[in-house]
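Below is one structure; the comments refer to it alone.
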Amino acid sequence: MIYEIKNISFHYSSNKRLIFKNVSLSLKKGQILSILGPNGAGKTTLLSCMKNIISPVSGEIFLCGKDIRKMNVKEIASLVGYVPQSHTPAFGYSVFDFVLMGRAPKIMMYHKPKVEDEEAAWKALEMLGITHLAEKAYTEISGGEMQQAMIARSIVCHPKTLLFDEPTAHLDYGNQLNVLRLIKKLSNEGYAIVITTHNPDHAMLLGGLAAILDKEGNLSVDHVDVIINEKLLKNVYNADLKLIKVPELSRTACVPSDL
């Protein structure tokens, strides 16, 4: 088991209102979990707990069988790759150097990257198909290319799991599809994937597991075909949405009924 989360709850010290409560889920190698929910439901906060950036006020999180509270930063970073919603670089590093920085958990303090670290960075660029960007400044590439570079950086240490926080939020439709294809490819490579999204279609395209984090902080988890239904979508998004079977594509699509 990659992740085993048992009854975690969270609130900020400045506000005792629970963001989410008694959340439990598990994730195995190669599984995809899509987390949906309205704005402010706590999806990003849940990912932050899974990365041990913040700690739940109750419950337990086990990462590869270990209590995450007893793991150090480098140990967690070597097992968990994290792709935030957006990233604003402070310096114009080359894309290659930006990806190479993701090897930090594998490099001893005050040591320079070794040949094996540089090879790992190049292989990550190859996997993403962005070797042509290697010498370009990270600050001068497109939003879609930045997202690909961020993903390359997140996999350069060969972690067990990848956490994506709304990875398609700032991308055009073509790049959204490219990211979804990449996530499926990474899942097939054996990575356990968690992705937060506002788009039910994305969850259905990815397949696997889906979770709904509602406004009351409750999390429901099941196979995507079971958990995503019209009644639940209306409760979560306060909108009339229909799930329409598309025979030509052998899949179901989510469309609004009042437009």
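Placement of Ile141 and Leu128 within a single hydrophobic cluster is found when ILVMFWY residues are connected by side-chain heavy-atom separations under 4.5 Å, directly or transitively. Put simply, Leu213 and Val221 are part of the same group of oily side chains (I, L, V, M, F, W, Y) that touch within less than 4.5 Å, one to the next. Hydrophobic clustering, with ILVMFWY side chains joined whenever heavy atoms are under 4.5 angstrom apart, groups Leu163 together with Ile35.
Contact between Gly102 and Val156 at its shortest, heavy atoms only, is C-CG1, 3.3 Å. Closest approach of Lys160 to Cys64, counting heavy atoms only: CG-SG, 3.9 Å. When every heavy atom of Met1 is checked against every heavy atom of Leu27, the shortest pair comes out as SD-O, 3.5 Å. Across all their heavy atoms, Gly217 and Val23 have their closest contact at O-CG2, 4.4 Å. A pairwise comparison of heavy atoms in Cys49 and Ile68 identifies O-CD1, 4.4 Å as the closest pair. Counting all heavy atoms, side chain and backbone alike, Met146 lies closest to Tyr138 at CE-O, 3.2 Å.
Tyr237 forms part of a hydrophobic cluster together with Leu36, Met204, Ile212, Val224, Ile227, Ile228, Leu232, Leu233, Val236, Leu241, Leu243, judged by ILVMFWY side-chain heavy-atom separations under 4.5 Å.
Counting only distance, with no hydrogens or angles, the side chain of Gln176 and the backbone of Leu171 share a donor-acceptor pair below 3.5 Å. Proximity of a side-chain donor or acceptor of Ser9 to a complementary backbone N or O of Val57 within less than 3.5 Å is not detected. Within the 3.5 Å criterion, the main-chain N or O of Glu126 finds no donor-acceptor partner in the side chain of Thr131. A donor-acceptor contact shorter than 3.5 Å links the side chain of Lys185 to the backbone of Met127. Asp201 contributes a side-chain N or O that, together with a main-chain N or O of Cys254, makes up a donor-acceptor pair within less than 3.5 Å. Side-chain atoms of His202 do not come within 3.5 Å of backbone N or O of Leu180 as any donor-acceptor pair. Formation of a donor-acceptor pair under 3.5 Å by the Gln147 side chain with backbone atoms of Gly144 is not found in this model. Although no hydrogens or angles enter the test, the distance criterion places a donor-acceptor pair under 3.5 Å between the side chain of Asp214 and the main chain of Asn218.
For the atom pair CE of Met71 and NZ of Lys66, the computed distance is 5.5 Å after rounding to the nearest 0.5 Å. Considering CG of Asn188 and CD1 of Ile183, their distance stands at 12.0 Å, rounded to 0.5 Å.
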### Message
Checking Asp240 against Lys234 for the salt bridge (Lys or Arg N to Asp or Glu O under 4.0 Å) test, could you report, in this order, the C-alpha distance in whole Å, the side-chain angles of both residues, the deciding distance, and whether it holds?
### Response
CA-CA 6 Å; Asp240 289 321; Lys234 183 175 177 61; 2.8 Å; yes
### Task
Just do the side chain to side chain contact (heavy atoms under 4.5 Å, CB included) check on Lys43 and Leu46 with the steps written out, would you?
CA-CA 5 Å; Lys43 300 184 297 297; Leu46 177 56; 5.8 Å; no
### Query
How far apart are the C-alpha atoms of Lys114 and Glu119, what are their side-chain angles, what is the distance that settles it, and do they pass the salt bridge (Lys or Arg N to Asp or Glu O under 4.0 Å) test?
CA-CA 9 Å; Lys114 299 178 181 178; Glu119 289 177 347; over 6 Å; no
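Met50 is listed as a side-chain neighbour of Val194, based on a closest heavy-atom distance under 4.5 Å.
For Lys29, there are no salt bridge (Lys or Arg N to Asp or Glu O under 4.0 Å) partners two or more places apart in sequence or in a different chain.
No side-chain N or O of Trp122 forms a donor-acceptor pair with one of Glu118 less than 3.5 Å apart.
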